[in-house]
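The next block holds one structure in the form of structure tokens; read it before the comments.
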2 protein chains.
Amino acid sequence: MTTDLPAKRARLRDDLILAAETAIAKGGLSALKARTLAETAGCAVGAIYNVFPDLDALIFAVNARTLEKLDAVLAATVRPDTDPETAMRRLALAYHGFSRAERRRWTAVFAHQIPDGSSPPDWYLGVVGKLFRHIEGPLATLLPDATPEVRGGLARTLFSATHGIVSLGLEEKLGPAPDEVIAQALVVMTRGWVLGLPGAVSPR
Amino acid sequence: MTTDLPAKRARLRDDLILAAETAIAKGGLSALKARTLAETAGCAVGAIYNVFPDLDALIFAVNARTLEKLDAVLAATVRPDTDPETAMRRLALAYHGFSRAERRRWTAVFAHQIPDGSSPPDWYLGVVGKLFRHIEGPLATLLPDATPEVRGGLARTLFSATHGIVSLGLEEKLGPAPDEVIAQALVVMTRGWVLGLPGAVSPR
DNA sequence: GAGAAAATTTGAACGGCGTTCAAAAAATGG
DNA sequence: CCATTTTTTGAACGCCGTTCAAATTTTCTC
């Protein structure tokens with residue numbers, strides 16, 4: 001029996017990602033163990049290192065899938081002609097909703113710490129970068145005179161701010177934070193942006 | 001030779017916190033090792049567990065000190081009668097500056113993950129809570145009609161948003177993010193708040 | 001102050017982790 | 001079909017936080 005070798009590797013790769021995803025979804029990043037992974041994927045512990053250089057690389061693969069899923073959710077959230085305030089509010093609330101629905105998977109994306117010198121692989125940053133795109137539409141309507149560079153930078157800023165509210169709320173790092181409180185904060189915040197940003201980016 | 005026992009414990013406690021703080025400042029949370037700690041503080045590994053239930057508790061002690069330091073920096077940043085926009089901009093930039101100056105210590109505060117069920121001790125949340133107080137001053141000037149509850153919630157929201165921008169920038173989770181870009185984002189963001197928040201919290 | 005009892009400190013040992021690598025197994029090719 | 005190369009395997013390595021029986025120190029009693 002001759003088995004196609006690159007196909008087998010690819011299958012193991014997928015199995016490992018799936019096993020890792022399940023483990024993370026069930027118990028967070030700290031539930032990811034090489035030995036459990038190998039057993040679930042039906043291979044030897046050493047085999048993991050034939051496919052991924054280390055567990056960090058495997059985590060990036062899982063996190064990329066999570067971000068792709070988030071990307072799809074955000075894409076389905078707003079139609080192109082929605083007014084900016086509604087669009088931004090919906091995007092922020094969709095982000096919040098996703099973080100709650102996919103709590104552990106989503107937490108893993110930002111909790112994942114890589115060794116000091118290194119930085120995420122380029123292909124991964126590409127996946128991350130796609131997320132800002134969703135905010136750029138409403139921003140273009142809101143700030144028709146802004147250059148693409150300004151809009152791009154601002155999209156990143158708004159994403160980061162939204163992320164801060166959602167993540168500190170979810171992890172309850174600042175104390176208890178019920179869903180409804182966070183959602184309300186996002187509504188006020190986005191409304192504030194729509195009212196304030198036009199004046200803020202092109203000051204008198 | 002009779003040695004005062006609670007004083008000795010207290011001294012060891014301080015030595016351990018100092019050793020932990022130094023280790024974190026030098027190599028981040030992952031550089032905190034029980035054996036190194038014991039050697040630096042001049043005690044046996046087991047002695048750590050006579051003073052702290054586990055390393056997590058020690059990390060909380062270190063993080064509380066970091067937050068106290070940040071609190072002091074923020075307190076020294078604005079005089080009471082500063083106009084809201086200037087005050088908020090200075091606070092945001094001071095937060096950013098602190099995160100850069102105390103990079104590892106500050107990262108440890110938010111990177112610290114506690115086991116799934118548990119939550120931070122109350123005394124620690126108290127230290128965290130003090131931070132929002134600094135934003136409430138400018139907010140009161142900006143929104144004289146808002147209730148203390150609304151102001152308190154909003155202070156938390158603005159803190160979280162600022163934190164999002166600073167932290168995603170610092171950890172470069174979204175790609176390269178030079179200091180100057182982050183600072184500019186904070187300036188635009190705070191300007192947007194001052195222009196937009198009054199209308200956003202009491203909508204027409 | 002001596003000796004017994006209680007409290008504290010000690011560090012070797014434990015279980016678990018990511019990762020490695022010599023040896024075994026499988027695939028290739030002549 | 002065997003020799004050679006490639007891939008897979010899992011016991012072993014080094015390091016981790018934490019524990020706990022034994023050693024030490026402190027306290028108490030006479």
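Quick note on labels: first sequence line is chain A, next is B, and so on, each numbered from 1. Side chains included, hydrogens not; waters and symmetry mates left out as well; all remaining heavy atoms used.
- Using cut-offs of 30° and 60° for the angle between ring planes, the A:Phe159 and A:Phe132 rings count as perpendicular.
- Across the protein-nucleic acid pair, B:Ile114 atom CD1 and D:dG17 atom C1' stand 17 Å apart, rounded to whole Å.
- Aromatic pair A:Trp106/A:His96: centroids not less than 6.0 angstrom apart.
- One can place CG of A:Leu37 at 16 Å from C1' of D:dT8, the figure rounded to the nearest angstrom.
- Of the candidates D:dT19, D:dT8, C:dT10, C:dT10 carries the atom nearest the B:Ala47 side chain, counting heavy atoms from C-beta on.
- No side-chain N or O of A:Asn63 forms a donor-acceptor pair with one of A:Thr66 less than 3.5 Å apart.
- Across the interface with DNA chain C, nearest-nucleotide mapping of A:Pro53 and A:Thr36 shows A:Thr36 to be the residue nearer the 5′ end.
- One cannot find a donor-acceptor pair under 3.5 Å joining the base of C:dG16 and the side-chain atoms of A:Arg35.
- With rounding to whole Å, B:Phe52 atom CZ is found 16 Å from D:dT19 atom P.
- Computed from coordinates, the A:Glu39 CD to D:dT9 C1' distance equals 15 Å when rounded to whole Å.
- D:dT8 atom P lies 8 Å from atom CG of A:Leu12, rounded to whole Å.
- The side chain of A:Asn50 sits closest to D:dT9 out of D:dT26, D:dT18, D:dT9.
- Considering every non-hydrogen atom in both A:His134 and A:Leu74, the closest pair reads CD2-CB, 3.7 Å.
- Nearer to the 5' terminus of DNA chain D, by closest-nucleotide assignment, is the contact made by A:Ala44 (compared with the other of B:Lys33 and A:Ala44).
- Regarding A:Arg13, its CZ atom lies at a distance of 17 Å from the P atom of D:dT7, rounded to whole Å.
- Counting any heavy atom pair closer than 4.0 Å across all strands shown, A:Leu32 reaches sugar-phosphate atoms only and no base atom.
- Between the C1' atom of C:dA12 and the OH atom of B:Tyr49 lies a distance of 15 Å, rounded to the nearest Å.
- Of the candidate nucleotides C:dT9, D:dT8, C:dG18, C:dT9 has the atom nearest to the side chain of B:Arg9.
- The NZ atom of B:Lys8 sits 9 Å away from the P atom of D:dT25 (whole-angstrom rounding).
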Verify salt bridge (charged side-chain N to carboxylate O under 4.0 Å, His left out) between B:Arg104 and A:Asp116, making sure each step is shown before the conclusion. CA-CA 10 Å; B:Arg104 284 182 220 272; A:Asp116 204 74; 2.8 Å; yes

